[in-house]
Trainee: 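Below: one structure in structure tokens.
We use all heavy atoms of the structure for the numbers below, so side chains are in, but hydrogens, waters and symmetry mates are not.
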Amino acid sequence: MQSFIVKLVLVLVTVAMTTFAVAETAAPTKDPPHSLISIYRIAPGKQADFLKWMATREAVGKEIGIAATQWYAHVDGDSWDYVAVGPDNNAEQDKKLEAALKKHGLTTGFKQNLEVRQFISSHTDTFAVGPVTVSELADWAAAK
């Protein structure tokens, strides 16, 4: 009887390990989220104006359900002033945001692009996968 129990335990452990191994190597079930990362160098004397301009637009986005951007302010080191990590909006969200900005009497399109440039010396935008964990990245990299 004891031999039977030992064999049963070994079979159950083997099944559990195999199930775990298959689950670990299975392709990820969801697409990775995407973000927009912006790095800003602000024109001298334009810090407060820039922050107010961006905060106004973010408040309008919040009204229509667009996720807030995470902001990082430079305190020491490299020459950037702000790094913003926010959602990579889809076309439908962009249309809703443009309509909401217009409703609030704010600029959109090319005029908006010109307006923001009065506050910045330079900036870059980068589209990225994230936020994710390193384990999720490893899983997506290993997926077949």
Trainee: Please report the interatomic distance NZ(K102) to CG(L106), rounded to the nearest 0.5 Å.
Mentor: 12.0 Å
Trainee: For Y82, which of Y72, Y40, F50 qualifies under ring-ring contact (aromatic ring centres under 6.0 Å, His included)?
Mentor: F50
Trainee: Report the distance from atom CE of M54 to atom CZ of F119, rounding to the nearest 0.5 Å.
Mentor: 10.0 Å
Trainee: Closest approach of D49 and G45, non-hydrogen atoms and distance?
Mentor: OD2-O, 4.5 Å
Trainee: Heavy atoms only: give me the nearest A100-V60 pair and the separation to one decimal.
Mentor: CB-CG1, 3.5 Å
Trainee: Are V129 and H34 close enough that some pair of their side-chain heavy atoms sits under 4.5 Å apart?
Mentor: yes
Trainee: Mark yes or no for whether N89, through its side chain, and D94, through its backbone, hold a donor-acceptor pair below 3.5 Å.
Mentor: no
Trainee: Does a side-chain heavy-atom distance below 4.5 Å link T126 with L36?
Mentor: no
Trainee: Show your reasoning for whether side-chain contact (heavy atoms from CB on, under 4.5 Å) applies to R41 and I120.
Mentor: CA-CA 6 Å; R41 289 178 177 85; I120 58 176; over 6 Å; no
Trainee: Could you state whether I37 and W80 fall into the same hydrophobic cluster, counting links through intermediate Ile, Leu, Val, Met, Phe, Trp or Tyr residues with side-chain heavy atoms under 4.5 angstrom apart?
Mentor: yes
Trainee: Shared ILVMFWY cluster between V116 and W71, side chains joined below 4.5 angstrom?
Mentor: yes
Trainee: Would you kindly say whether S35 and D88 are connected by a side-chain donor-acceptor distance under 3.5 Å?
Mentor: no
Trainee: Of the non-hydrogen atoms in W140 and D31, which two are nearest, and what is the gap between them?
Mentor: CZ2-C, 4.2 Å
Trainee: Using side-chain heavy atoms (C-beta onward) and a distance below 4.5 Å, is V83 in contact with S38?
Mentor: no
Trainee: Between E136 (side chain) and T133 (backbone), is there a donor-acceptor pair under 3.5 Å?
Mentor: yes
Trainee: Filter on side-chain hydrogen bond (donor to acceptor under 3.5 Å, both in side chains), then keep only pairs touching residues 107-122, sequence neighbours left out; what's left?
Mentor: W53-E115, R57-T107, R57-E115, T107-E115
Trainee: Please test I64 against L97 for side-chain contact (heavy atoms from CB on, under 4.5 Å), starting from the C-alpha separation and ending with a verdict.
Mentor: CA-CA 7 Å; I64 62 168; L97 181 58; 3.9 Å; yes
Trainee: Output, in order, the C-alpha distance, side-chain angles, deciding distance and verdict of side-chain contact (heavy atoms from CB on, under 4.5 Å) for T69 and E58.
Mentor: CA-CA 8 Å; T69 296; E58 188 167 282; 3.3 Å; yes
Trainee: Work out which heavy atom in H123 is nearest to a heavy atom in D125; give both atom names and the distance.
Mentor: NE2-OD2, 3.3 Å
